[in-house]
Amino acid sequence: GAVVSQHPSRVICKSGTSVKIECRSLDFQATTMFWYRQFPKQSLMLMATSNEGSKATYEQGVEKDKFLINHASLTLSTLTVTSAHPEDSSFYICSAGTGQNYGYTFGSGTRLTVV
Amino acid sequence: GIQVEQSPPDLILQEGANSTLRCNFSDSVNNLQWFHQNPWGQLINLFYIPSGTKQNGRLSATTVATERYSLLYISSSQTTDSGVYFCAVLLTGDYKLSFGAGTTVTVRA
């Protein structure tokens, strides 16, 4: 089956630094990937749609300068949290569509803690 | 946007019990998926089921698209079934999944 790999699974960083999260489609090509954020005991909130070779599309209220998305190849999208602050601490999950009859598959998520 | 409502919000089961989770949605969809989020946060794709009925082991799901609801059945529940179950839909003509708030299932030994 289609697999999406996400790294790192857990990261702790100091306030003011930047953190990069990688999302790879392992056995399929993904022209579009999605980045979600999830707060404790809440549902997933779509942050942005990552498009290979073009600019990402951000959801309303998501700061594009804080959450930089790069989708440079058909198998890799990255999310960089710039100048991280404690309020950016959250669980970030990426996703990709795998075809009509399978739907969307998700990475294992990255738990970011900013101290 | 489309509304996705899941019920019940919380469910506590004794091991071996059966249960039904419900997902109602407010508009026509061309994709509906059920996911299980385990305690480590991983979202496991249970079913891709825009319509009809599917079964996978102790789990089965039914979507009645014309009536805008889907049901997830868990039979003979086990402690490993604990976690949050999400329903997510794709509005016809859209490409972004919309998630329900989830049902938190706790299975006690």
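Values below: every heavy atom of this structure, side chains too, minus hydrogens, waters and symmetry copies. Chain letters run A, B, ... following the sequence lines, proteins first and then strands; every chain starts at 1.
- Of the two parts of F35(B), only the side chain, counted from C-beta on, holds a non-hydrogen atom closer than 4.5 Å to a non-hydrogen atom of chain A.
- Counting heavy-atom pairs closer than 4.5 Å to chain A, the top-ranked of the candidates N38(B), L43(B), N31(B) is L43(B).
- A side-chain N or O of S70(B) and one of T63(B) form a donor-acceptor pair less than 3.5 Å apart.
- Using modelled atom types and a 3.5 Å distance limit, the side chains of T110(A) and Q6(A) yield a donor-acceptor pair.
- In this structure, R22(B) forms a cation-pi arrangement with Y69(B), its terminal cationic atom sitting closer than 6.0 Å to the ring centre and no more than 45° off the ring axis.
- Separating the CZ atom in F47(B) from the OG atom in S60(B) is a distance of 6.0 Å, to the nearest 0.5 Å.
- Proximity to chain A is limited to the side chain of L90(B), based on heavy atoms less than 4.5 angstrom apart.
- For a residue to count as touching a neighbouring chain, one of its non-hydrogen atoms must lie under 4.5 Å from one of that chain's; by this rule Q42(A) touches chain B with the backbone only.
- Interface residue S108(A): backbone and side-chain heavy atoms are both found under 4.5 Å from chain B.
- A side-chain donor from one of S5(A) and H7(A) sits under 3.5 Å from a side-chain acceptor of the other.
- In this structure, chain B has heavy atoms under 4.5 Å from both the backbone and the side chain of F106(A).
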